[in-house]
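Proteins come first, then strands; the chains are lettered A, B, ... in the order of their sequence lines, and each starts at number 1.
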Protein chains: 2
Amino acid sequence: MARLPLYLRALSALSERGVPTVSSEELAAAAGVNSAKLRKDLSYLGSYGTRGVGYDVEYLVYQISRELGLTQDWPVAIIGIGNLGHALANYGGFASRGFRVAALLDADRAVAGQRIAGMVVRHMDDLEQIVRDDRVSIGVITTPAPAAQGVCDRLVAAGITSILNFAPTVLAVPEGVDVRKVDLSIELQILAFHEQRKSATDAGPTLPPTAPPPAGTAARGDRGGDLPEVMPA
Amino acid sequence: MARLPLYLRALSALSERGVPTVSSEELAAAAGVNSAKLRKDLSYLGSYGTRGVGYDVEYLVYQISRELGLTQDWPVAIIGIGNLGHALANYGGFASRGFRVAALLDADRAVAGQRIAGMVVRHMDDLEQIVRDDRVSIGVITTPAPAAQGVCDRLVAAGITSILNFAPTVLAVPEGVDVRKVDLSIELQILAFHEQRKSATDAGPTLPPTAPPPAGTAARGDRGGDLPEVMPA
DNA sequence: GCGTGTGAATTAATTCACAGCC
DNA sequence: GGCTGTGAATTAATTCACACGC
């Protein structure tokens, strides 16, 4: 279930504050969900709570960590060292959670060889070897959009089955390969949509009275926009 | 509906290639969804397709853009100019979609004053004034986790009702304020979960036979991890 | 004939509400 | 008395499948 990481974070915060035990109501509030939902989610892991008391914070942290596979190390490779790749390479939050940046790669020979976050950026040519030698299990794609599918194909061919994609493209992958995407502009567009709704409701009734214009009058499109690389820092 | 931006991107790609018309089947494939779902989604916008033919690409681009509110400009402020804020400031994909980076802000006086992506970073003290003067409608929070809620509160007090949060925290906001979050480590944890499932299935039967250890034996926790700022580029 | 638009059917997710246990 | 765990009820999302228009 995709909410376990959220619970884990809330629990870790409680753990740090030394809170020994927590009720579903409290934990749900901290994670921003309904308490019934939280209890149902946790019940899939097993009966780790105590009726009349709540959940033991430390124990639950362990159980969720184990369920999520965070008790082992996950070597991660970042492909595409532009703005975003650079930022992620320096991201301090990996190590504390079992994720270790094992390699940085870039197709540009001017970038390969540079030292970033204490690591030397490798060239794409070495991808297959790096994946094999360092047992990389998760690939993070931070290339421009047009390069993403090609990189993805190579990652899959090299045996990687989990990909985190920051490029604004829908990646095609074979069965058995998991892809998650993080897409800035989609998030902004969703916010814009709601924002527009709010101001529309303030002013007029239901929908803005914009009459459909003659076909062929395209407004600003969404070109897909090629990620950070566009203007390297 | 949260899938409209996805359709818009696929349509824009088609538009660039000069494709005049597209069927629900084709567009659905390009966006990575089921064709019935796509038709149902689009039908909420109105009847913009032609039976037996499909959808006019340009016209549909316009309609979705309008629905998403992309026919107007959305000034965005980025708060917290660490690694990630820096990367986003340089992100070229904003402008082409109606999103304009109107201001960069940071609480550190050493950072304020710096020029980044052609803009001078302003100090947090000026937040309220900037929001007012530049009519900022969307705030992007890229501060460390502990600072996020405070920044959020100030944004809300300044009148902002749409927030994109990159800090690993659940933000508390009043009714009417929209928050979307982008969370690196949650995505990675979800991937790790699936990855673990795969290798577990390869080896044993259903679940790994790890017996519940004595309570109090916490594994690696999730500290929340404070975002990019941790190690500035 | 082809492909949209949509009611109906199915499936999944969420919430309610309460029995059972501490 | 308080709080978990969970069947039942509700609500939402997805998919099916086909009538209708081009």
Worksheet item: Excluding sequence neighbours, so at least two apart, what forms side chain to side chain donor-acceptor pair (under 3.5 Å) with B:Arg135?
Response: none
Fill in: Minimum side-chain heavy-atom gap B:Ser185-A:Phe99 below 4.5 Å
no
Worksheet item: By salt bridge (charged side-chain N to carboxylate O under 4.0 Å, His left out), which residues pair with A:Arg3, not counting sequence neighbours?
Response: A:Asp41
Worksheet item: Tell me: CG of A:Leu38 to C1' of C:dT14, nearest whole Å?
Response: 13 Å
Worksheet entry | nucleotides 15-22 of chain C: protein proximity per nucleotide (B base, S sugar-phosphate only, - neither; heavy atom, under 4.0 Å) | BBB-BBBB
Worksheet item: Between atom CZ in A:Arg3 and atom P in C:dA12, what is the gap in whole Å?
Response: 15 Å
Worksheet item: Please give, in whole Å, the distance from D:dG5 P to A:Gln63 CD?
Response: 12 Å
Fill in: Protein-nucleotide distance (B:Met1, atom CE; D:dA13, atom P), rounded to Å
6 Å
Discussion item. With a 4.0 Å limit, can you tell me whether B:Tyr44 has a side-chain N or O closer than that to the phosphate oxygens OP1/OP2 of D:dA13?
Written reply: no
Worksheet item: In residues 170-178 of chain A, which ones come under 4.0 Å of DNA chain D, going by heavy atoms?
Response: none
Fill in: Distance, rounded to the nearest Å, where A:Tyr48 contributes OH and D:dG5 contributes P
11 Å
Worksheet entry | Presence of A:Ser24 side-chain N/O under 4.0 Å of D:dT4 phosphate oxygens OP1/OP2 | yes
Discussion item. I need the CG-C1' distance between A:Leu42 and D:dG5, as an integer number of Å.
Written reply: 11 Å
Worksheet item: Side-chain contact, heavy-atom cut-off 4.5 Å: A:Leu4 with B:Gln189?
Response: no
Fill in: Length of the line joining A:Tyr55:OH and D:dC3:P, which is rounded to integer Å
12 Å
Fill in: Residues in salt bridge (charged side-chain N to carboxylate O under 4.0 Å, His left out) contact with A:Arg51, at least two apart in sequence or another chain
none
Worksheet item: What residues, two or more places apart in sequence or in another chain, satisfy salt bridge (charged side-chain N to carboxylate O under 4.0 Å, His left out) together with A:Arg180?
Response: B:Glu187
Cut-off 3.5 Å, no hydrogens considered: what does the side-chain donor-acceptor table look like for residues 160-173 of chain B, sequence neighbours left out?
{"unit_1": "B:Thr161", "atom_1": "OG1", "unit_2": "A:Glu195", "atom_2": "OE1", "d": "3.0"}
{"unit_1": "B:Thr161", "atom_1": "OG1", "unit_2": "A:Glu195", "atom_2": "OE2", "d": "2.9"}
{"unit_1": "B:Thr161", "atom_1": "OG1", "unit_2": "A:Lys198", "atom_2": "NZ", "d": "3.3"}
{"unit_1": "B:Ser162", "atom_1": "OG", "unit_2": "A:Glu195", "atom_2": "OE1", "d": "2.4"}
{"unit_1": "B:Asn165", "atom_1": "OD1", "unit_2": "B:Ala167", "atom_2": "N", "d": "2.9"}
{"unit_1": "B:Asn165", "atom_1": "ND2", "unit_2": "B:Ala167", "atom_2": "O", "d": "3.1"}
{"unit_1": "B:Asn165", "atom_1": "ND2", "unit_2": "B:Thr169", "atom_2": "O", "d": "3.1"}

Discussion item. Going by side chain to side chain donor-acceptor pair (under 3.5 Å), name the residues that satisfy it together with A:Asp153, two or more places apart in sequence or in a different chain.
Written reply: A:Gln149
Fill in: Value in whole Å for how far the P atom of C:dT6 lies from CG of B:Leu45
12 Å
Fill in: Partners passing salt bridge (charged side-chain N to carboxylate O under 4.0 Å, His left out) against A:Arg39 (at least two apart in sequence or in another chain)
none
